[in-house]
Amino acid sequence: QVQLVESGGGLVQAGDSLRLSCAVSGGTFSRYTMGWFRQAPGKEREFVAASRWSGGGTYYADSVKGRFTISGDNAKNTVYLQMNSLKPEDTAVYYCAADREYFSDTNRVRFPYEYDTWGQGTQVTVSS
């Protein structure tokens, strides 16, 4: 059974960068659809980025497009979320998610209920 462990969160100032890591065990991330989601206090969990490694394709929320990048390291079996030009509204707990299914309908990557495995989350706080 695949397990996900996020790390790399922290407190930064607006305009700074952070790189989140999602270490994958019990499976190879390149065989999964991998996603990043975030949840701010009092708000629903929202889509940030996703990748269908088999066959390609990366997807981003409009709010992070051009600032965030999802990538993976096969040797480390780790998925990353590089976050640049951070804004206070990016403050949230960030979660890594995985699903064994290759989502042929790309819209499905944006919905939390489509993923069957989640990490514990890592806090990102951006001060103004």
Side-chain angles (χ1 to χ4, degrees):
Q1 182 175 349
V2 67
Q3 293 184 319
L4 310 174
V5 178
E6 302 97 332
S7 61
L11 172 63
V12 297
Q13 293 185 333
D16 286 350
S17 298
L18 274 178
R19 188 179 75 164
L20 305 184
S21 299
C22 174
V24 181
S25 60
T28 303
F29 81 82
S30 59
R31 297 181 180 178
Y32 290 74
T33 296
M34 299 295 298
W36 285 97
F37 290 78
R38 67 187 182 187
Q39 189 165 17
K43 295 187 176 181
E44 294 186 353
R45 193 166 297 189
E46 67 172 0
F47 170 73
V48 175
S51 183
R52 302 181 304 167
W53 306 104
S54 298
T58 56
Y59 309 90
Y60 297 93
D62 288 342
S63 59
V64 307
K65 199 172 297 182
R67 299 188 298 123
F68 291 11
T69 303
I70 186 172
S71 64
D73 184 327
N74 290 314
K76 296 182 178 180
N77 205 25
T78 298
V79 177
Y80 302 100
L81 183 68
Q82 178 67 43
M83 307 185 295
N84 298 328
S85 302
L86 282 162
K87 304 176 181 180
E89 51 263 44
D90 295 319
T91 295
V93 177
Y94 282 71
Y95 297 91
C96 178
D99 195 89
R100 287 170 290 181
E101 183 176 354
Y102 179 83
F103 298 156
S104 55
D105 178 358
T106 58
N107 285 323
R108 294 176 61 189
V109 304
R110 301 176 181 274
F111 300 106
Y113 59 77
E114 295 286 3
Y115 295 80
D116 57 20
T117 303
W118 291 83
Q120 82 289 351
T122 185
Q123 175 71 46
V124 172
T125 304
V126 184
S127 64
S128 58

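This chain uses plain numbering: 1 for the first residue, then up along the sequence. Since we're looking at a predicted model, the values are computed, not measured. Basis for what follows: all heavy atoms, side chains included, without hydrogens, waters or symmetry-related copies.
- Within the 4.5 Å cutoff, no side-chain heavy atoms of D90 are placed close to those of M83.
- Linking ILVMFWY side-chain heavy atoms closer than 4.5 Å, directly or via other members, places F29 and Y80 in two distinct hydrophobic clusters.
- Distance alone, capped at 3.5 Å, is enough to place a donor-acceptor pair between the T91 side chain and the V126 backbone.
- Side-chain atoms of N77 come within 3.5 Å of backbone N or O of V24 as a donor-acceptor pair.
- The residue from F47, W36, F103 that alone fulfils the ring pair (Phe, Tyr, Trp, His ring centres under 6.0 Å) condition with Y115 is F103.
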Using the rule given for side-chain contact (heavy atoms from CB on, under 4.5 Å), can you reason through D99 versus E114, listing the C-alpha separation, both sets of side-chain angles and the distance that settles it, and then say yes or no? CA-CA 7 Å; D99 195 89; E114 295 286 3; 5.8 Å; no
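- Side-chain contact between V93 and F37: absent, with no pair of heavy atoms (C-beta onward) separated by less than 4.5 Å.
- Annotation for A49 and L81: closest pair CB-CD1, 4.1 Å, computed over non-hydrogen atoms.
- Here the NZ-OG distance, from K87 to S128, works out to 14.0 Å after rounding to the nearest 0.5 Å.
- One finds the CZ atom of R19 at 11.5 Å from the OG1 atom of T69 (value rounded to the nearest 0.5 Å).
- With sequence neighbours left out, E6 forms a salt bridge (Lys or Arg N to Asp or Glu O under 4.0 Å) with no residue at all.
- In this structure, the separation between CD on E101 and OH on Y32 is 13.0 Å, given to the nearest 0.5 Å.
- A heavy-atom distance below 4.5 Å is not found between the side chains of R100 and V2.
- Residues S7 and T122 form no side-chain contact, since every pair of their non-hydrogen atoms from C-beta on lies 4.5 Å or further apart.
- The aromatic rings of W118 and Y95 sit perpendicular, their planes meeting at an angle over 60°, well past the 30° parallel limit.
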Can V64 and R38 be said to form a side-chain contact (heavy atoms from CB on, under 4.5 Å), step by step? CA-CA 12 Å; V64 307; R38 67 187 182 187; 4.0 Å; yes
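- Put simply, the side chain of N84 never gets that close to the backbone of S17: no donor and acceptor are under 3.5 Å apart.
- Annotation: the span from T78 atom OG1 to L20 atom CG amounts to 12.5 Å, rounded to 0.5 Å.
- The line from OG of S85 to CZ of F68 is 9.0 Å long, rounded to the nearest 0.5 Å.
- Enclosure of atom CD in Q3 is not indicated, since only 12 or fewer non-hydrogen atoms of other residues, nucleotides or ligands lie within 6.0 angstrom.
- A pairwise comparison of heavy atoms in Y60 and I70 identifies OH-N, 2.9 Å as the closest pair.
- Taking both residues in full, the closest heavy atoms of A98 and M34 are given as CB-SD, 3.5 Å, listed atom of the first, atom of the second, then distance.
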